Undergrad: 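Provided herewith is a single structure, encoded as C-alpha cells, for subsequent inquiry.
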Amino acid sequence: MKNKITKLLENALNISVQKGQLPEVSLPYMEVEAPANPEHGDYAANAALILAAQAKQNPRKIAQIIQDNLSDPENIIGKTQIAGPGFINFFIKDDVWHKALKNIDEQKEKYGFINYGGGKKVQVEFVSANPTGPLHIGHARGAVVGDVLSSLLSATGYCVSKEYYINDAGNQMNNLGKSVLLRYRELLDEKIEFPETCYRGDYIKDIAGKIIKEEGEKYLHSTEEAAIGYFTSIAGQIILEEIKIDLRDFGVVFDEYFSEKELYKNDGVTKLLDKLKKQGFVYSDGETLWFKTTDFGDEKDRVVIRKNGEPTYFAADIAYHQNKFARGFDTVIDIWGADHHGYMPRMWAGIQALGYSKESLKIILVQLVNLLRGGAPVAMSTRSGEFVTLREVLDEVGRDAARYNFLMRRSDSHLDFDLEVAKKQSNENPVYYVQYAHARICSILKMAQERGIALPVYADTDLSFLREPEEKTLIKMLVRYPETICGAAKALEPHRIPFYLNELAGVFHSYYNKNKVISENDGLTAARLFLIMEIKIVLQNALNILGVSAPEKM
RNA sequence: GCGCCCAUGGCUCAGCUGGAUAGAGCGCCAGACUACGAAUCUGGAUGCCGCAAGUUCGAAUCUUGCUGGGCGCACCA
C-alpha cells in the first residue's frame, strides 16, 4: 500500500517536472507514513516539504502542483488533501481495505513475506561462544537476536545462512583441557591444586568422571601435554554437543558450525598474511608481524603474529572473514557482545584490506544482560562457575517468555532480566498478552463452528458491514504488517515486531470487549469472523518469525 | 587521558532512519463478567525528551560543547 502511494507520488513529480511546473530535483528519500491522527488521512507524504528547499518554493504550493498532477489508475484513492505546512494526505477507499483483507486470506502463512532482498546471500554469525562451558544467560540474548534477525531477512527475500564460529583453537581451550585433567586426577585420589585461571564449574568434574568411566586411569601415565591435548578435544566436543542441545531447545538452529581450526589447515592463515604482506597491509618489525589497521582509521596498528610466533585471534578472524566472503555472501552480519565494540575498526580494516567494502560487513552489538532475581542482581562469572545457564532459564521461565523478553528491547540498550518477573504468568509479561489475543480468536472461531456457523469465505462475505472505527484501525494495522517487517529487516531491528504485536493485540482486545463478533446479524457476524481470521493469520505469522508459539488455548 | 554506546512520566522502555498534539507497559486511583476466555477492558494522574548553543519551514531525532552512567583502550578471546 505504502509502495503504491510512493509510486503515484513519483509519477506526479515526474509529470510536474516535465510540465515545467517544478525544476529538476533529486529526491533522496520520500516518506509515506501512516499518521497517528486519523484526521490526517490513511497515509501522509512529506514530499513537498523535502523539496521546498531545493525547489526554492513554498511547500504548500509544491504540494498543490503534485496534487494536481496526481493520477490514480487503480482507483484506490478516495480523496487527497493538503494540510499543515505542506503534507499531502491520502484517504484510501473502503473497498481497497476490503481487498487487503482478501489478500491476507489468500496468502495465509506467506502474508508478510516480501521480496525486498532479491535473493541476495546473507550470512548471520552469532553466539560463537567458545566451548569451554555451557551457554549462560548472556549468550541467550545474542542467540535470539541473531535467530530472529535471520528469520526476518529470510522473510524479506534474502538467502540467509546462520553460522556459529567455534573458537576452539586458543588458550581458553587449553585451559579447559587442563581443568578437566586436574579434576580427573583429583577424582583418582591425587591431591591437586586448582589454579585461578581454570574453570571451576561442576560440568568439568562431570566430563572428567565420564572419561574415567569410559577409559579408566590411563591418562595418569601419559605425558601432561598429550593428556591435555586429548582432554581439550574431548571436552570441547562434549560441551559443544550440550550447547547445541540447549540452543535447539531455545529454538535456535544453525546452518553451519565453523571451526577456527579449519582456518589453520594447509597454512591458511600464514598464506593469507603473506599475501597481505605483499600488498603492503602487513609489515614486520623484526620480532612481530603487524597489520596496518591505521590505514583504515583504527587508532593503532594491530599484531597478527606474536613474538612467540603464534598468530593472534585477530589474524584468524581476518582469515575467517575472507573465508565468509569467498563463500559468496553479499553481506555478512556479525552479532557481538557490546564489550567487543573496540574490535570493530580492526575488523573493518581487515575486510577492506581484503578488498571488500566496509558496508558489506554489518556488526550488531548486543548489550549485556543484567540478571536479577526479585530485583536483586545475580552475580555471574564463567570461570568461577557461578552463572545462570540458558538451560536453567529455559526450565524456569520457558522458551516463549524468555525469547520475547529479549526481543522487546532494541539490542543496543541495556536489559534487566528478572527471573521472577519473567516466569510470572501474568499481565507483567507481555508475551501472554499477545498469545492471549491469538487464543481468544481461536476460541471465538471454535464457538462459531459449535453453533453451526461456517467460517466465512471472501466471495460470500459483505465486508461493508465493518463500520466501526476500531475495525478500520484493525484493517489498517494488518496492512501495515508487511511494512513493519520490511522496516525491521532494513534497519536490522527485530524489536519492532514485538511492539507491533503488542499494539495489534491491544486494539483487538479493546475491540473484543466492545463488540460481539458472533451476533444475531448473520452478515455482520460473517464480516467480523472474516476480520478476526485475518488478525489471527498476522498474529501467527509474526509470532512465528519471533520463534514464539501461537497457542490455541492457554 | 582517548574512543564507542546510552540519557524520554515513579520504574522498564518505544518513538518507523527530521514531521502535525511525545507514546506503551508496570505501579497508583476509580470502575466493567447471568454476554464469543477478566492472562481482558474502560476512565484518571504523572514530562524543561540530562544541560546549553547551533542547523531549518519544523529537532526527542542531526552538529558542537558540557554533565552523569556503561563499556572498551593486549603480542586475551
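The sequence lines fix the lettering, A, B, ..., with proteins before strands; numbering per chain opens at 1. Since the structure is predicted, the reported quantities are computational estimates derived from the model, not experimental observations. Heavy-atom basis, side chains included; hydrogens, waters and symmetry copies ignored.
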Undergrad: Of all the nucleotides listed (B:rC6, B:rA20, B:rC75), which has the minimum atom distance to the side chain of A:Asp412?
TA: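 Minimum distance to the A:Asp412 side chain belongs to B:rC6.
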Undergrad: Just to be sure I understand the rule, does A:Ser519 reach a base, reach only the sugar-phosphate, or reach nothing, if contact means heavy atoms closer than 4.0 Å?
TA: nothing
Undergrad: Want to settle it: does A:Tyr433 or A:Val517 sit nearer the 5' end of RNA chain B, counting the closest nucleotide to each?
TA: A:Val517
Undergrad: Between B:rC62 and B:rC6, how far apart are the two P atoms, rounded to whole Å?
TA: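 9 Å, rounded to whole Å.
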Undergrad: Specify the glycosidic conformation (syn or anti) of B:rU17, with syn defined as within 90° of 0.
TA: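 That one's syn.
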Undergrad: Atom NE2 of A:His509 to atom P of B:rU42: distance rounded to whole Å?
TA: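 Roughly 11 Å, once rounded to whole Å.
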Undergrad: Using a cut-off of 4.0 Å on non-hydrogen atoms, how would the nucleic acid contact of A:His40 be classed: base, sugar-phosphate, or nothing?
TA: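 Base: the residue A:His40, judged by heavy atoms under 4.0 Å, touches a nucleobase.
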Undergrad: Which value, rounded to the nearest 0.5 Å, describes the distance between A:Leu368 atom CG and A:Asn370 atom CG?
TA: 8.5 Å
Undergrad: I'd like to know if the side chain of A:Thr525 reaches the main chain of A:Asn521, judged simply by a donor and an acceptor atom lying under 3.5 Å from each other, with no hydrogens or angles considered.
TA: yes
Undergrad: Return the CD1 to NE2 distance between A:Ile535 and A:His438, rounded to the nearest 0.5 Å.
TA: 11.5 Å
Undergrad: At 4.0 Å (heavy atoms only), tell me whether A:Ile305 reaches a base, stays on the sugar-phosphate, or touches nothing.
TA: nothing
Undergrad: When rounded to the nearest Å, what value does the distance between C1' atoms of B:rA77 and B:rG72 take?
TA: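 Their C1' atoms lie roughly 14 Å apart.
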Undergrad: Considering Watson-Crick and G-U wobble pairs with both distances under 3.5 Å, what does B:rG19 pair with?
TA: B:rC57
Undergrad: With rounding to whole Å, what would you report as the distance between B:rA7 and B:rA14 at their C1' atoms?
TA: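 It works out to 15 Å between them.
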Undergrad: How long is the gap from CD on A:Glu552 to CD on A:Gln435, to the nearest 0.5 Å?
TA: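 Reported to 0.5 Å precision, the distance equals 12.5 Å.
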Undergrad: Please work out if A:Phe499 contacts a base, only the sugar-phosphate, or nothing of the nucleic acid, heavy-atom cut-off 4.0 Å.
TA: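 Sugar-phosphate contact only - A:Phe499 comes under 4.0 Å of backbone atoms but never of a base.
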Undergrad: Work out how far the P atom of B:rC71 is from that of B:rG37, and round it to whole angstrom.
TA: 50 Å
Undergrad: Mind checking who B:rA24 pairs with, Watson-Crick or G-U wobble, both distances under 3.5 Å?
TA: B:rU12
Undergrad: What's the gap between B:rG58 and B:rG15 when it is taken at their P atoms, as a whole Å value?
TA: 25 Å
Undergrad: Answer with base, sugar-phosphate or nothing: what part of the nucleic acid does A:Asn37 contact at a heavy-atom distance below 4.0 Å?
TA: base
Undergrad: For A:Arg496 and B:rA24, what is the distance between atoms CZ and P respectively, to the nearest whole Å?
TA: 19 Å
Undergrad: Under 4.0 Å between any heavy atoms, over every strand shown, what does A:Gln449 touch: base, sugar-phosphate, or nothing? Just pick one.
TA: nothing
Undergrad: Whole angstroms only, please: what is the CZ-P distance between A:Arg409 and B:rG15?
TA: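 Atom CZ in A:Arg409 sits about 12 Å away from atom P in B:rG15.
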Undergrad: Contact class for A:Pro59 (heavy atom, under 4.0 Å): base, sugar-phosphate, or nothing?
TA: nothing
Undergrad: Using purine N1 to pyrimidine N3 plus N6-O4 or O6-N4 for Watson-Crick, or N1-O2 and O6-N3 for G-U wobble, both under 3.5 Å, which nucleotide pairs with B:rG72?
TA: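 With both distances under 3.5 Å, B:rG72 matches B:rC2.
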Undergrad: Once you apply a heavy-atom cut-off of 4.0 Å, does A:Ala488 come out as touching a base, just sugar-phosphate, or nothing?
TA: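 No contact.
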Undergrad: Please report, rounded to the nearest Å, how far the C1' atom of B:rA59 is from the CD1 atom of A:Ile50.
TA: 15 Å
Undergrad: Expressed as a whole number of angstroms, how long is the span from A:Leu524:CG to B:rC36:P?
TA: 17 Å
Undergrad: Can you tell me the Watson-Crick or wobble partner of B:rA7, both distances under 3.5 angstrom?
TA: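 The base-pairing partner of B:rA7, which may sit in any strand shown, is B:rU67.
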Undergrad: Touch check for A:Ser510, heavy atoms < 4.0 angstrom, all strands: base, sugar-phosphate only, or nothing?
TA: sugar-phosphate
Undergrad: Which is it for B:rC28, anti or syn, if anything within 90° of zero counts as syn?
TA: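 This nucleotide is in anti.
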Undergrad: side-chain hydrogen bond (donor to acceptor under 3.5 Å, both in side chains) between A:Glu260 and A:Tyr320: does it pass, once the steps are laid out?
TA: CA-CA 8 Å; A:Glu260 185 182 353; A:Tyr320 179 40; over 6 Å; no
Undergrad: Whether the side chain of A:Gln352 engages the backbone of A:Trp348 through a donor-acceptor N/O pair (distance < 3.5 Å, no angle test) should be reported.
TA: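 Between the backbone of A:Trp348 and the side chain of A:Gln352 there is a qualifying donor-acceptor contact (under 3.5 Å).
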Undergrad: Is the shortest distance from a Lys or Arg side-chain nitrogen in A:Glu125 or A:Lys324 to a carboxylate oxygen in the other one below 4.0 Å?
TA: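 Salt bridge between A:Glu125 and A:Lys324, a charged N being under 4.0 Å from a carboxylate O: yes.
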Undergrad: Closer than 4.0 Å, any side-chain N/O of A:Tyr436 to the OP1 or OP2 of B:rA39?
TA: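 Yes, such a contact exists.
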Undergrad: Which part of the nucleic acid does A:Lys553 contact within heavy-atom distance under 4.0 Å: base, sugar-phosphate only, or nothing?
TA: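 Contact class for A:Lys553: base.
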Undergrad: With heavy atoms under 4.0 Å as the rule, sort A:Ala439 into base, sugar-phosphate or nothing.
TA: base
Undergrad: Which part of the nucleic acid, if any, lies within contact of A:His495, taking any heavy atom under 4.0 Å across all strands shown: a base, the sugar-phosphate backbone alone, or nothing?
TA: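 Sugar-phosphate only.
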Undergrad: Starting at atom CG of A:Asp339, determine the distance to atom P of B:rA74, rounded to an integer number of angstrom.
TA: 15 Å
Undergrad: Would you classify A:Arg302 as touching base, sugar-phosphate or nothing, given that sugar-phosphate means primed atoms plus P, OP1 and OP2, and contacts are heavy atoms under 4.0 Å?
TA: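 A:Arg302: no heavy atom of the nucleic acid under 4.0 Å.
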Undergrad: Which base sits across from B:rA30 as a Watson-Crick or G-U pair, both distances under 3.5 Å?
TA: B:rU42
Undergrad: Assign A:Asn89 to base, sugar-phosphate, or nothing according to its heavy-atom contacts below 4.0 angstrom with the strands shown.
TA: base
Undergrad: Say you pick atom C1' in B:rC5 and the same atom in B:rG50; how far apart are they, in whole Å?
TA: 16 Å
Undergrad: Could you walk me through whether A:Asp317 and A:Tyr343 pass the side-chain hydrogen bond (donor to acceptor under 3.5 Å, both in side chains) check?
TA: CA-CA 11 Å; A:Asp317 224 359; A:Tyr343 197 77; 3.3 Å; yes
Undergrad: Could you identify the nucleotide paired to B:rC36, looking across every strand shown and requiring Watson-Crick or G-U wobble geometry with both distances under 3.5 Å?
TA: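 In the structure as shown, B:rC36 has no Watson-Crick or wobble partner.
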Undergrad: What's the gap between B:rG18 and B:rU64 when it is taken at their P atoms, as a whole Å value?
TA: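 16 Å, rounded to whole Å.
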